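Reviewing the structure listed below.
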Amino acid sequence: MSEPALATTHRSHLCGALRAEHVGTTVRLGGWVHRARDLGGLVFVDLRDRAGLVQVSFDPSRTGSELAARAASLGAETVVLVEGVVTERPAAMRNPDMATGDVEVRATTLRVVGPADTPAIPVARGKSEQLAAEDLRLRHRFLDLRREELQHNVILRHRLMQRTRRYLSDAGFLEIETPILTKPTPEGARDYLVPSRVHAGEFYALPQSPQIYKQLLMVSGFDRYFQIARCFRDEDLRADRQPEFTQIDVEASFVGQEDVMRVAEGLTRALWEEGGSAAPAEIPRMSYADAMERYGIDRPDLRYGMEIEDVSDAFRGLDFPFTSAALEAGGRVRGIRVPGGAALSRKQLDELDAIVKSAGGRGLLRIKRVNGALEGPAAKVLDESRAAKLRLADGELGLYLAGEDRLANPALDRVRQDVAQRMRLIPDDARAFVWVTDFPMFERDAASGALGAVHHPFTAPHPDDVPLLATEPWKARALAYDLVLNGTELGGGSIRISDPALQARVFALLGVDDETARARFGFLLEGLRAGAPPHGGIAFGFDRIVMLLAGATSLRDVIAFPKTTAARALFEGAPSPVPAADLTELHINVERE
RNA sequence: GGGGCCGUAGCUCAGCUUGGUUAGAGCACUCGACUGUCACUCGAGAGGUCGCGGGUUCGAGCCCCGUCGGCCCCGCCA
């Protein structure tokens with residue numbers, strides 16, 4: 001890959017790009033003083049720009065003592081312009097840890113153009129020195145962003161964004177922008193609202209996603225659309241959740257599920273290649289039902305085994321307190337077998353128990369096989385044939401939960417993940433992509449029994465299951481699909497309903513009456529009645545993809561100016577109060593507690 | 001809305017268990033020495049609202065209550 005010429009009137013080369021091939025060249029550099037070393041005559045300055053570091057030397061016997069003295073007095077993070085000659089370093093003075101370590105620039109001039117206060121947080125950091133606290137890093141973001149790691153992440157983000165545009169554009173997709181000021185939606189996440197000055201008491205909402213707009217673009221005949229779309233959700237944050245985030249949003253017409261998945265796979269492959277690691281040619285698939293049965297979650301981590309197994313038969317008919325009640329109530333006994341798990345300490349097992357309890361379970365039944373014999377509270381009640389059904393090998397530990405699947409699944413998932421980490425069962429470089437398909441259309445609220453959309457209310461039912469809408473709608477599958485990597489959802493999508501009559505039926509099932517549907521989604525319904533092609537699409541969580549490919553552990557490390565977990569921007573100080581006059585103009589009266 | 005952890009010099013941390021004279025260290029900073037370093041080295045110095053408020057106590061960085069901020073998790077996130 002050839003670097004573009006970044007030469008300007010102030011500089012001829014990038015600091016970090018200088019190599020042996022430049023030896024003898026007179027260069028002009030601009031950069032930040034990373035570190036300076038004053039040896040009492042000879043002075044070295046490591047100069048930094050976005051390409052990296054280069055050592056600039058000031059030898060008083062060549063430069064005169066005045067220039068060397070000025071170099072010695074440079075503070076960290078000062079911006080300077082330097083003129084000099086790229087020189088090969090003597091063999092013993094090369095630095096193999098530096099990309100530019102074979103050369104140095106012998107300075108002939110030095111000009112301070114950007115004096116700098118002593119940095120509030122260090123940019124240059126010793127090998128074993130800790131990072132500054134994250135709130136300080138966010139408050140002084142312009143300094144933190146100078147660090148090599150964040151520079152790398154931001155540049156990677158740019159490359160992934162460009163690769164996305166190139167891939168989708170080459171595949172015939174049109175990049176079309178949709179409004180940021182849009183209509184509040186009662187469904188889904190809480191909206192960020194923007195008051196209207198012109199219309200007292202009325203509000204725009206920031207989009208949670210461009211969902212309806214992209215469907216209307218299909219109605220309008222744009223056939224293939226994409227957008228790198230900023231989305232907003234006013235919900236509480238996590239390490240992998242920001243209030244504003246970026247989606248790669250894709251929609252296409254005259255497509256079925258397979259067509260969308262093929263494009264999504266191609267894009268994934270391109271992005272992983274751009275990120276420096278190849279994605280598999282074909283991504284395996286698993287049904288939602290299968291994922292829940294074997295992994296207890298709809299985004300299974302397939303980098304390791306320990307699948308959930310049903311061992312109800314081993315306990316059926318037994319008078320054993322842990323399992324009897326659950327089995328009689330129609331529940332099951334399920335769990336995982338942990339290879340080598342018999343060696344886990346009492347303390348570790350208690351910690352697992354705590355995890356189960358925090359996930360809503362009553363506790364774990366633990367059975368291990370040591371030297372051929374079962375050990376644990378259930379060992380006495382299980383005879384040979386029942387014990388055999390557990391299929392525990394020597395040294396294995398069985399961890400079981402009894403009860404309803406809806407309660408046991410999340411707990412089993414947590415246990416499986418925790419154990420995998422504890423036992424180091426996850427290979428370092430493993431990548432396990434999987435498509436999860438055949439999601440249910442609806443989920444039933446546990447208390448009220450009311451139906452809600454699993455994906456969103458515009459998702460098409462599986463054609464085989466349309467009859468179920470009239471009888472047992474909660475059993476109907478949707479044409480919805482999620483792409484999962486290592487237990488993380490990368491993206492998800494669906495084929496949409498393009499038949500207005502079917503859309504009306506689905507709204508009815510969701511408890512949305514005609515009038516409400518018209519008020520909330522009228523412009524979409526009118527669109528569908530105007531002649532809608534079959535269409536569907538997918539949206540990827542772009543920030544999360546960058547995070548994975550950057551090897552970062554927090555979204556904040558791949559977003560230039562992120563928010564804290566309290567949705568604050570520490571750098572610019574948002575949100576903030578506004579003058580009373582501004583509120584008056586917006587017809588807003590703020591009540592304070 | 002709930003739970004957990006953290007807050008001491010510009011930065012990273014120790015001190016808190018068991019309250020007691022002047023709150024320490026490394027880095028950074030200032031001054032000085034040093035001509036091949038690359039986390040340069042060496043010497044000296046300056047630097048503190050112990051997040052904030054209240055309480056207990058003869059006495060609080062340390063104990064208690066509240067509060068603010070950060071991080072992680074549950075709820076929430078069609």
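Every chain is numbered from 1 and lettered A, B, ... according to where its sequence line falls, protein lines coming before strand lines. Note that this is a predicted model, so its numbers are computed, not measured.
- If you check B/rC76, B/rU12, B/rC38 against the side chain of A/Met93, the one that comes closest is B/rC38.
- Nucleic acid contact for A/Ser209: base, since at least one base atom lies under 4.0 Å from a heavy atom of the residue.
- Annotation: B/rA46 and B/rG10 have their P atoms spaced 16 Å apart (nearest Å).
- If you take CG of A/Asp234 and P of B/rG1, they are 12 Å apart, rounded to a whole angstrom.
- Nucleotide B/rC42: paired with B/rG32 (Watson-Crick or G-U wobble, both distances less than 3.5 Å).
- Summarising the local packing, CD of A/Glu515 is surrounded by 12 or fewer heavy atoms from other residues, nucleotides or ligands at distances under 6.0 Å.
- Separating the CG atom of A/Asp38 from the P atom of B/rU30 is a distance of 12 Å, rounded to the nearest angstrom.
- The separation between A/Arg238 atom CZ and B/rG3 atom C1' is 12 Å, rounded to whole Å.
- In summary, of the residues considered (A/Leu468, A/Ile495, A/Asp438, A/Thr437), a side chain to side chain contact (heavy atoms under 4.5 Å, CB included) with A/His462 occurs for A/Asp438 alone.
- Side chain A/Asp135 to base B/rC71: no donor-acceptor pair is found below 3.5 Å.
- Comparing A/Ala567 and A/Arg241 against RNA chain B, the residue whose closest nucleotide sits nearer the 5' end is A/Ala567.
- Among the heavy atoms of the strands lying under 4.0 Å from A/Ala566 are primed sugar atoms or P, OP1, OP2 only; no base atom is included.
- The A/Ala453 side chain lies nearest to B/rA78 when the options are B/rA78, B/rG69, B/rU12.
- Comparing A/Leu136 and A/Thr553, the nucleotide of RNA chain B nearest to each residue sits closer to the 5' end for A/Leu136.
- Nucleic acid contact for A/Gln55: base, since at least one base atom lies under 4.0 Å from a heavy atom of the residue.
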